[in-house]
S.K.: 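Take this structure, written in structure tokens, and hold onto it; I'll ask about it next.
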Amino acid sequence: MGGKRTFGLAGVVLVTVALAGCAGNSEQRPTASPSPTPSGVSIPDLSTFTPAPNGTELDDESGGGTVNAKPAPAWDATQRSNAIAAAEKALTAFARPDLSSTDWWAALSPLLTPQAQQDYQSVDPANIPAHKLAGSGTIVDESSTYAVSVEVPTDAGTYTIILTRRDGASPWLASRFTPPAGTH
Amino acid sequence: MDRKSGGLVAIIAVPVLILATVFGMMLLTSSASASCNPTGSSAAGVTIDPKTVPDTTISGYGHDQLVNAAYVIQAGKDLNLSSRDQTIGVMTAMGESGLRVLNYGDAVGPDSRGLFQQRANGAWGSLSDRMDPYISATNFFKKLATITDRDSLAPTIAAHKVQVNADPYYYAKYWDAAVAVVEGLTGAKLGLSTGTGNQVCSGVGTGTGTVSAQGWALPAAGPISDPFGMRVNPISGVYKLHAGVDIAGGCDSPIYAAQTGTVVASGFGVGYGSNGTIVIDHGGGVQTVYLHMYASGILVQDGQKVTAGQQIARIGSSGDSTGCHLHFQVMINGSPTDPVAFMKTVGITIGG
């Protein structure tokens with residue numbers, strides 16, 4: 001997990017370098033003039049595409065519902081503060097080793113992604129070393145506006161919480177609580 | 001169960017699935033996922049006499065620790081467990097004690113003892129039982145054996161369900177060393193891949209896709225079985241937008257990240273109906289969406305950084321699907337666009 005993440009970041013750096021290496025050759029691209037995002041990813045000129053209009057009904061295979069386009073959210077002070085508050089709220093609910101499993105899960109599970117609800121349901125809260133937050137959260141990765149990594153200090157050390165959201169209007173849900181090194 | 005019969009179960013189960021709860025879906029997922037773990041002779045338990053462990057070091061574990069690993073392996077063998085189960089036992093003991101018979105616990109469990117840091121709550125026997133490598137491993141494996149769907153769980157999740165520790169993903173980082181130790185001590189090739197401690201499928205490795213000059217990758221090989229556009233749904237019969245392109249790659253064949261980005265959704269019930277889902281955010285308002293994988297075929301996790309052409313999944317048939325295929329979708333500011341046209345502009349021909 002720690003190793004994988006390092007690899008992932010290294011990969012991003014490698015690609016960034018690779019893209020930077022050919023940035024001067026954009027005239028060789030035959031059909032589009034990609035504009036790099038802050039992460040160095042090559043994105044084609046989006047004005048050349050015609051996405052489905054809002055209100056279009058989606059079939060079940062595509063997830064159902066209707067198209068409801070929302071511009072990608074951008075990080076600003078409010079967005080950051082919301083993400084940090086969501087991380088602190090989730091960790092506050094998580095760090096309750098004094099509760100019964102039933103009470104702990106009832107409070108925590110609504111704050112989790114569906115995948116995390118599966119993976120964390122067997123945790124015995126008594127084995128959680130943290131009892132309370134010991135300070136404010138800090139965003140440590142905001143390279144996407146749909147997934148964020150927040151470090152939050154506790155009485156047992158600093159946790160890293162990964163949260164995701166569907167779009168800018170949806171709540172942040174916790175996907176992962178990585179405990180301080182030396183605890184598990 | 002072999003892959004073919006897994007696929008058959010999936011096809012038959014689809015009508016049931018539509019009406020079923022998520023639980024029903026997970027049963028289907030389970031039946032499909034055990035097939036990617038070692039079967040037959042490679043899964044049978046392996047054996048090593050602790051007295052014959054050589055004076056060597058494997059993955060940083062010295063002789064005394066390897067002898068303890070041998071006791072773990074033997075305890076699993078004597079319970080007729082598979083080599084994957086035995087390796088899960090070694091992985092767990094690595095994570096709990098570094099393969100040392102600890103006579104102390106930790107902050108959350110001051111009473112924890114031994115290779116598996118078992119508590120003094122009566123569930124794990126007497127103090128001498130918990131301090132005995134073979135007996136403590138036997139008690140670990142007895143509980144592991146009650147998790148009948150463990151071949152459909154990642155090794156770290158299976159271990160976590162025995163240990164009920166605070167971080168379900170904790171043990172994954174010990175998996176590769178556990179595979180090396182079990183193979184090194186027994187001389188057997190287990191058919192277990194490294195890097196799979198947090199994945200259901202321990203018998204399959206991952207590959208890398210080809211990246212275009214523009215830095216994009218073909219998400220999956222195979223012909224187009226259904227294009228983007230308005231259509232009659234083959235199951236519901238309703239006329240609506242099919243918001244992606246269906247690529248008919250075979251069951252379990254690789255799915256690659258179309259571009260570098262961050263995984264922002266993964267799993268089931270994450271905004272794309274009952275389909276097994278991965279969403280990657282590439283920035284600039286562009287996301288790519290990959291649907292229909294089984295739980296066992298989702299190889300990435302939320303927040304993970306992926307690079308163009310990195311394998312992220314295996315093709316499956318979960319959710320609203322009548323057979324193994326990848327439904328690939330490109331979203332621009334939350335609205336789907338024709339992925340074939342989009343990918344063509346970045347040098348990728350889908351269905352080619």
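Convention: sequence-line order gives letters A, B, ...; per-chain numbering from 1.
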S.K.: Is the charged tip of B:Arg231 near the ring of B:Tyr239: under 6.0 Å from the six-membered ring centre and within 45° of its axis?
M.R.: no
S.K.: Below 4.5 Å, heavy-atom pairs only: which of B:Lys161, B:Glu96, B:His160 has the largest tally toward chain A?
M.R.: B:His160
S.K.: Let me know if A:Thr183 has heavy atoms under 4.5 Å from chain B in its side chain, its backbone, both or neither.
M.R.: backbone
S.K.: Here's one to test your reading of the geometry: is the NZ or CZ of A:Arg176 within 45 degrees of the ring axis of B:Tyr170 and under 6.0 Å from its centre?
M.R.: no
S.K.: Taking the side chain as every heavy atom from C-beta outward, state whether B:Pro339 and B:Gln329 have any pair of such atoms under 4.5 Å apart.
M.R.: no
S.K.: Do NZ/NE/NH1/NH2 and the carboxylate oxygens of A:Asp155 and A:Lys132 come within less than 4.0 Å?
M.R.: no
S.K.: By a 4.5 Å heavy-atom criterion (distance strictly below it), what part of A:Thr113 contacts chain B: side chain, backbone, both, or neither?
M.R.: side chain
S.K.: Please flag which part of B:Ala107 lies under 4.5 Å from any non-hydrogen atom of chain A: side chain, backbone, both or neither.
M.R.: neither
S.K.: With only heavy atoms counted, which part of B:Val286 is less than 4.5 Å from chain A, the side chain, the backbone, both or neither?
M.R.: side chain
S.K.: Could you grab the distance from atom CD of B:Gln304 to atom CD1 of A:Ile162, nearest 0.5 Å is fine?
M.R.: 9.0 Å
S.K.: Rounded to the nearest 0.5 Å, how far does CH2 of B:Trp216 lie from CZ of B:Phe342?
M.R.: 4.0 Å
S.K.: Which one, B:Gln287, B:Met230, B:Arg119, leads in non-hydrogen pairs under 4.5 Å with chain A?
M.R.: B:Gln287
S.K.: How far does CG of A:Asp119 sit from CD1 of B:Ile157, to the nearest 0.5 angstrom?
M.R.: 4.0 Å
S.K.: Would you mind telling me which of B:Gly334, B:Ala166, B:Gly273 has the largest number of heavy-atom pairs within less than 4.5 Å of chain A?
M.R.: B:Ala166
S.K.: Is B:Val211 close to chain A through its backbone or its side chain, or both, or neither, when contacts mean heavy atoms under 4.5 Å?
M.R.: neither
S.K.: Show the nearest heavy-atom pair for residues A:Ser62 and B:His327, with the distance to one decimal.
M.R.: OG-CE1, 3.5 Å
S.K.: Hey, could you give me the CD/CG distance between A:Glu61 and B:Asp226, rounded to the nearest 0.5 Å?
M.R.: 7.0 Å
S.K.: Under a 4.5 Å cutoff for heavy-atom pairs, which residue among A:Thr56, A:Thr145, A:Leu58 has the most contacts with chain B?
M.R.: A:Leu58
S.K.: Strictly less than 4.5 Å between heavy atoms, which residues of residues 73-80 of chain A line up against chain B? Please order them by number.
M.R.: none
S.K.: Heavy-atom count check: over 12 atoms from other residues, nucleotides or ligands less than 6.0 Å from A:Lys89 NZ?
M.R.: no
S.K.: Which residue out of A:Ala69, A:Ala72, A:Ser122 racks up the most heavy-atom pairs below 4.5 Å with chain B?
M.R.: A:Ser122
S.K.: Tell me if the centroids of the rings in A:Phe177 and A:Tyr159 come within less than 6.0 Å of each other.
M.R.: no
S.K.: Given heavy-atom pairs under 4.5 angstrom as the criterion, report whether the side chain, backbone, both or neither of B:His242 touches chain A.
M.R.: both
S.K.: Output, in order, the C-alpha distance, side-chain angles, deciding distance and verdict of side chain to side chain contact (heavy atoms under 4.5 Å, CB included) for B:Thr288 and B:Phe328.
M.R.: CA-CA 7 Å; B:Thr288 51; B:Phe328 174 68; 3.8 Å; yes
S.K.: Who among B:Ser335, B:Gly197, B:Gly95 has the most heavy-atom pairs with chain A under 4.5 Å?
M.R.: B:Ser335
S.K.: Nearest 0.5 angstrom please: A:Ser100 OG to A:Asp103 CG, how far?
M.R.: 3.5 Å
S.K.: Where does A:Tyr120 contact chain B at under 4.5 Å (heavy atoms): side chain, backbone, both or neither?
M.R.: both
S.K.: With chain A as the partner, which of B:Ile298, B:Thr262, B:Asn165, B:Leu291 has the greatest number of non-hydrogen pairs under 4.5 Å?
M.R.: B:Asn165
S.K.: If you count heavy-atom pairs within less than 4.5 Å of chain B, which of A:Pro179, A:Ser144, A:Ala116 leads?
M.R.: A:Ser144
S.K.: Roughly how far apart are B:Ser212 OG and B:Ile348 CD1, rounded to 0.5 Å?
M.R.: 4.0 Å
S.K.: Need one label for A:Ser175: side chain, backbone, both or neither, based on atoms under 4.5 Å from any heavy atom in chain B.
M.R.: both
S.K.: What's the verdict on side chain to side chain contact (heavy atoms under 4.5 Å, CB included) for A:Asp98 and A:Trp104, showing C-alpha distance, side-chain angles and the deciding distance?
M.R.: CA-CA 9 Å; A:Asp98 51 312; A:Trp104 175 79; over 6 Å; no
S.K.: Please identify, among A:Gly64, A:Pro71, A:Pro97, the residue contributing the most non-hydrogen atom pairs under 4.5 Å to chain B.
M.R.: A:Pro71
S.K.: Against chain A, label B:Asp246 side chain, backbone, both or neither, depending on which of its atoms sit under 4.5 Å from a heavy atom there.
M.R.: side chain
